[in-house]
Amino acid sequence: MSVPHTLLGLLEVRARHGYDLKRAYDAHFGQDRPLKPGQVYATLGRLERDGFVVVRGTGREGGPDRTTYAVTAEGVTDLDRWFAEPEGPAAYLQPVLFAKVVLALQSGRDAVQVLDAQRAEHLVTMRDLTARKSGADLDRVLGLDFALFHLEADLRWLEHTAARLERLAAEVAS
Amino acid sequence: MSTWRLGLRLALQANRVRLVATSVAVSFTVAFLLGALGALPARQAKLDRLDARSTVSVGSMASKGLPAPAAKVLIQSYDGWYRDKPLTVRLVTAEPGSLLPPGLRRYPLLGEAVVSPALAAALRSHPDELTGRVPGRVVGTITEEGLAGPHELYAYVGMATPPEYAQQVQSFGSRHQSAKAPIELRIAAWLGALGLLLPVLVLVATATRLSASSRDRRLSALRLVGATPRQARAISAAEGLVAGIAGVAGGLGVFWVLRGPACALLPFPEGVYAQDLVPGPLSVTAVLFGVPLLAVVSAVVSLRKVVLSPLGVRRSARVKGAGWWRLVPVATGLGMLVVLRLNHQAWPPGTPPGTTLLLGGGGLTLLGLAIAAPAMSRLGGRLLHRLPGVSSGLAAARIDADPSASARVVTGMVLVVFAAAWLLAFLPILQAARVNVDDSFLKMVPKGTLTASSTPHLDLAGLRSVPGIRSVLPVGDDYLTPPGWTSDDGSRPAELQSRSTTIATCAGLAALIHRDIGCTDAKVYRLQELPGALRAGTEVGVLNQAGAVGQRIRLPQDIPTLKLPLGLLNSSWVNGELLIDPAVLPARDSRLIITTDGSPGALERVRDALPLMSAMSASTPAEQASGAARVYLGYLRAVRIGLVLALLIGSASLAVTTADAVHERRRSLATLVAFGTPLRVLRRSVLLQMAAPLLTNVVGALAAAAVASACYLGVTQDAWTLPWGGWGLTALAAVLAVLLATAATLPLVSAVGRPEALRAE
Amino acid sequence: MTEPLLTARDLHLSFGESSALSGASIDVAPGEVLALLGPSGSGKSTLLHCLAGILVPDRGEVRYRGSRLDSLSDDLRSELRRGDFGFVFQFGSLVPELTAVENVALPLRLSGHKRRTAEARALEWLERLEVADVARKRAGEMSGGQGQRVAVARALVAGPRVVFADEPTGALDSLNGELVMDLLIGAAREQGASIVLVTHEPRIAAYADREVVIRDGALAATVTA
C-alpha cells in the first residue's frame with residue numbers, strides 16, 4: 001500500500017487540510033486500517049520536503065487551526081508516473097490497485113488504462129513463470145504454480161473491477 | 001392436479017417446436033384414419049344408390065301381387081364403353097305422371113336426353129363421338145342421387161315408341177337391404193387398415209419422442225428438485241394430451257379440407273363423391289379418443305429411463321441389444337409355415353394343427369420382423385462399414401452406435417412392405433376364381449380392334465367411310481347338322497349332334513391378326529379335328545332359328561385344316577368345327593370385327609356410326625378384360641391406395657425423425673463442418689444411414705414374405721406364381737419414399753452445420 | 001518481423017441486432033501462439049471463427065498467406081480448414097459414434113487417405129498424446145481430459161499450419177487443463193504450427209507468446225513480451 005501516492009492522489013482532486021485528508025482516506029481505503037493522525041502529518045511533511053505538495057494556507061473555521069495542502073506540478077508528474085507504472089507482481093496488491101483505480105476515476109484519469117497496464121504486467125510475469133515450468137522439477141513447478149495462482153487471482157479481480165468500472169465511478173463521484 | 005397444470009405450461013411454453021410437430025403428426029394420423037375408415041361407408045352409399053335406380057319390372061318376382069302403375073314407363077338399358085370408361089344408356093318411353101328414378105326431375109321426351117355431368121362434359125368436348133349413342137338435345141343433368149359417382153357416364157334418352165325389349169317398370173329400387181360387403185373385401189379392408197395403422201402408430205410414437213434429449217434434460221431437472229416419477233409421468237402425459245387434442249382438431253380440419261381433392265385423385269372409374277367419405281360414428285369416436293390416448297401413452301412409455309433417475313442425462317455408452325437372437329422369432333414363424341407346407345396333406349387348414357401352424361406362423365413372422373429389425377439394421381451398418389469413403393464410415397458408426405434407433409425409424413416401412421407383399425401374392429387367388437380372360441387371345445388382337453354385334457340392314461359402306469377405320473369383317477355363326485336328320489334333337493349320339501361353324505372369309509381373318517394361317521382358294525376350312533358328323537363331300541343341313549333344318553349345303557371333297565394360333569379358337573371371333581366363306585353360306589346372325597388406327601377418337605367415331613345396340617356392344621379386348629377383371633382390379637387398386645398412404649405416412653414419420661435426429665446432433669455436425677468436412681459428405685452420410693438399414697430390412701421382409709407366401713399358397717392352391725415384379729416395385733417404392741423423405745431433411749443439415757451451433761449450449 | 005500467416009483487418013460482424021465484431025484487426029505470425037482473452041460475449045470466439053473461415057465477416061478482410069479467405073467459396077474454405085487448419089473446441093469436438101482412433105483419422109480420411117494408413121497415423125498421435133489406451137473407445141466412454149487430448153490429436157494429425165482452440169480447457173479441471181495445454185503447445189511448436197487460442201482464463205493465456213484482449217468486439221489491448 002502506497003500511502004504517500006494515495007494522499008497525493010486525494011490532494012490532486014482538491015486541496016485539503018490534514019484532517020480532511022485522513023477522513024477521505026479512511027472512507028475509501030481505510031476501512032480495515034484507518035490512518036493514524038501522526039502518519040498523515042509525517043507523510044505530508046515528507047511530501048512537502050520532496051516538493052510534491054505545498055502549504056496553501058492556514059485557516060480556522062470554528063475549530064482548531066487547519067493547514068491546507070495542495071499538489072505541485074512535480075507532484076502531478078510523480079502521480080502520472082505512479083498511475084502509468086504497473087505494480088510489480090507482489091503479494092497483497094489489492095489495496096494499492098484499488099486506490100489507483102479510485103483515484104484515477106476521481107482525478108479524471110483513464111482507469112481502464114491503469115487496469116490494462118496492470119493486466120499486461122501480470123500476464124507477462126505469468127507467461128514467464130509458465131515458461132519456467134516446462135522441464136522443471138516438481139518442487140520447483142509447485143512453487144511456480146503457487147505464484148501463478150496468486151497472479152491469476154489478481155487478474156480475476158482486475159477483470160471484475162474492469163467490468164464494473166462505471167458503477168464504481170458513479171459511487172466514487174457521489 | 002397442479003402437476004398437470006405444470007405439464008400443460010411446460011408443453012405450451014417450453015418446447016413449442018416439439019408440440020407443433022407432435023400435433024401435426026397426430027393431425028395427419030387422424031385425417032388418414034378418418035379417410036381409411038370412411039372407405040367402407042362410401043362404398044355402401046354407392047351401392048345403395050345403385051340399388052335405388054335399379055328397375056323392378058312389372059310381372060317380375062319382386063312385384064308379384066302388386067297392381068301395375070297406371071302411368072306406364074318403359075326402360076331399356078344398354079351398357080357399353082366410351083373412351084375406356086363404362087357408359088350406360090337408358091332408353092325411356094314414359095307416360096305423364098309416371099314414377100321417376102332417383103336423380104331425375106322429369107323424363108326426356110323424344111329428341112331429348114338427360115345426362116350425368118361427366119357425360120355432359122364429354123358431349124361438349126367431343127360432340128362428334130356420342131350423338132349416335134346419346135341422341136337428342138340435352139335438357140337436364142342427373143343429380144348425385146342417381147349416380148354411382150361424379151365421373152360416371154350415364155344417360156336417359158327419350159323414345160317415342162318403346163324399344164324392342166323394353167320392360168315396364170313396376171318400381172325403382174329393390175328395397176332389399178343391399179348385401180354386406182363380401183368377406184374378402186372386409187378382410188382386405190381390415191388388413192389394409194392394419195397395414196395403415198402400423199406406420200401411423202410409429203408416426204405418433206415417433207412424434208412424441210421428438211427432441212427426446214432436451215425433454216429428458218428438462219424432466220431430469222424436475223426430478224432433481226424433487227418431482228416424483230409419478231409427477232414426471234403426469235407432466236409428460238399432459239404434454240402428450242395437449243398435442244393430442246390440438247392434433248385431433250387439426251386432423252378434423254385436414255380431413256375436411258383435403259377430403260374433396262383426395263377423392264378427386266382416387267382412381268375409381270366412376271369417381272367418389274367427397275360427401276360419401278364419412279366414417280361411421282363408432283369409428284369417429286374411436287379415432288378422436290384413441291389417437292390422443294395413443295399420444296399420451298407413447299409419451300409416458302418413452303419416459304421409462306428418465307423417470308428412474310434424476311441424472312437422466314447418461315453417458316452414451318455402447319448400446320447393446322441387437323444380438324442375432326433377434327432373428328429367432330421370425331425364423332421360428334417361417335419354420336412353422338414350412339412345416340405346415342411339408343405336412344399339409346396330413347394337416348389341412350381347418351384342422352387344429354393346420355390352423356395353429358398357419359396363423360401362428362404368419363403372426364410370428366410379422367412380429368418377428370419387427371423384433372429382428374435392429375439386428376438387420378446392424379447388419380446393414382456392418383455392410384456399410386466395408387465400403388470405402390468417409391460418409392459411409394460415419395453412417396455405419398451411427399448405426400452401430402444405436403441399431404435400435406435406426407430400426408425404429410424403418411420398422412413401420414418394413415412392415416408395410418411385408419403386408420403389401422403378402423397381399424400381392426394373395427390377391428391373384430381372387431382373380432383366378434372369377435376371371436377367365438384368355439391372355440394369348442388379347443395379346444394377338446391389335447390395339448383398337450372392336451368386336452360388335454351386328455344388326456340387320458347395317459350400312460357397311462357408310463361404316464367403312466368413317467375416318468380412322470381400317471377394315472370391317474362380318475363374322476357369323478351357324479349350326480350344321482349331319483345328313484339324314486331333319487331337326488335338332490338332344491337324344492342323338494354325340495358324334496351325330498349339330499356342330500357350330502364360323503362364317504367369315506379366311507383371308508379377312510388372317511389379315512386381322514397379321515398371320516399366315518394357311519388360307520387357300522378353298523371356301524370351307526376345318527378349324528379342329530373332331531370325330532364325327534361333318535364329313536367332306538356330304539350334304540349337311542343348316543339349322544334355322546326354330547331348330548329345324550332349313551337350307552342344305554354340300555361340303556367340298558377337300559377341306560384343308562387351318563393353323564390357328566393358340567387362343568384364337570373358341571374366342572369371341574372364331575369357334576366351332578368349320579370356317580365357311582359367306583359366299584357359300586350367307587351369315588345369319590352376324591357380328592362385326594372392326595379394326596381402326598387405334599386412336600380413341602377413331603374408336604368412338606366408329607361406335608357412333610353403328611346403330612345403338614351394336615354401338616353399346618362394341619368393345620375392345622382390353623375393355624372386355626378390364627370388365628371381367630373389375631373386382632380383382634378394385635382390390636388391387638385398394639391395395640395400391642393403401643400402400644401409397646402407408647408409404648406417405650411412413651415417409652412423414654421418417655422425415656420427422658431424421659430432422660429431429662439431425663437437430664439433436666447439431667453440435668457434432670457443426671464441429672465436423674468447422675474442421676472442414678464438406679456438407680455433401682454429411683448429407684450423404686445421413687442418406688446412407690437411412691438407406692443401409694432400410695435395404696437390409698426390406699430385403700429381409702421380402703424374403704420372409706416370399707417364404708410365407710410360397711408356403712401359404714402351396715397349402716391352399718394347386719397352381720400359383722409369386723409376384724416378383726410387384727414385390728420389386730413395392731420395395732422400390734418404399735426405398736424411394738424413404739430416400740425422398742430423408743432428402744427432404746437434407747437442407748436442415750446445411751442449416752444445422754453452421755458455426756452458430758458451436759456457440760449455443 | 002516475418003510476413004504474417006494470417007491477418008484480419010477491420011472485421012465487422014453482427015448476428016441480427018447484436019454486433020459481435022466491430023472493427024477487429026489482428027495478425028498471426030508463423031509459429032506464433034496467440035491468445036485471445038476477454039470476458040464472455042466479447043466476440044473472441046466470433047473473431048476465431050472469422051479467422052478460421054468458418055464465419056464470413058460482414059465487412060473487413062481476412063487473409064491467409066497473403067490471399068483473401070473471406071471471399072473464397074464455401075467448398076474452398078472447407079478444403080482449407082481440412083488441410084491447413086486444426087480445431088479444438090470446448091465441447092463436442094468428437095463425433096460421439098466414432099472411436100477415438102476413427103475420430104483422429106477423420107481429417108485424413110476426408111483428405112482422401114486410405115482407412116488403414118489414416119488410422120495408423122491416428123494411432124501414432126494418440127500415443128504421442130498419451131491416450132493410446134482409449135483408442136478403441138467412443139467419446140462417451142472417456143474422461144473429459146482424455147476426450148480433449150484425442151481432440152488435440154485430431155487437430156494436429158493432418159499437419160496444420162494453424163490450430164484454432166476455443167476454450168480447449170474450459171470443461172477441465174486445472175491440472176487436466178494444463179496437461180492438455182502442455183501437449184497442445186508442445187506438439188504445435190514441434191510442428192511449427194501457429195495457435196490461435198481463445199480463453200477467458202489468464203493461466204491458459206499465459207501459454208501464449210502474445211495475448212490480445214478483446215472487448216466489445218474489438219481489440220482492447222495487446223500484451224507482448
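In what follows, every chain begins at residue 1, and chains take the letters A, B, ... in the order their sequences are listed.
Enclosure of atom NE2 in H385(B) is not indicated, since only 12 or fewer non-hydrogen atoms of other residues, nucleotides or ligands lie within 6.0 angstrom. When the shell of 6.0 Å around CZ of R116(C) is examined, it contains 12 or fewer heavy atoms from other residues, nucleotides or ligands. No more than 12 heavy atoms of other residues, nucleotides or ligands shown are found within 6.0 angstrom of CG on D216(C).
Between E97(C) and L394(B) the shortest side-chain heavy-atom distance does not fall below 4.5 Å. Side-chain contact between F87(C) and T671(B): absent, with no pair of heavy atoms (C-beta onward) separated by less than 4.5 Å. Annotation: side chain of P678(B) is in contact with side chain of R82(C) (closest heavy-atom distance under 4.5 Å). At least one side-chain heavy atom of L106(C) sits under 4.5 Å from a side-chain heavy atom of L672(B).
A distance-only check finds no donor-acceptor pair linking the side chain of R81(C) to the backbone of T677(B) [under 3.5 Å].
When all heavy atoms of L98(C) and A397(B) are compared, the pair lying nearest together is CD2-CB, 3.1 Å. The minimum heavy-atom distance between R115(C) and L387(B), with the atom names listed, is NH2-O, 3.3 Å. Taking both residues in full, the closest heavy atoms of A674(B) and I54(C) are given as CB-CD1, 3.6 Å, listed atom of the first, atom of the second, then distance.
Both the backbone and the side chain of V390(B) come within contact range of chain C, each with at least one heavy atom under 4.5 Å from a heavy atom of that chain. Looking at R109(C), both its backbone and its side chain come within 4.5 Å of chain B, counting heavy atoms on both sides.
The choice from G112(C), A52(C), S78(C) that makes the most heavy-atom pairs within less than 4.5 Å of chain B is S78(C).
We find the CZ-CZ distance between F164(C) and F675(B) to be 15.0 Å, quoted to the nearest 0.5 Å.
Residues of residues 737-745 of chain B placed with any heavy atom under 4.5 Å of a heavy atom in chain C are absent; none qualify.
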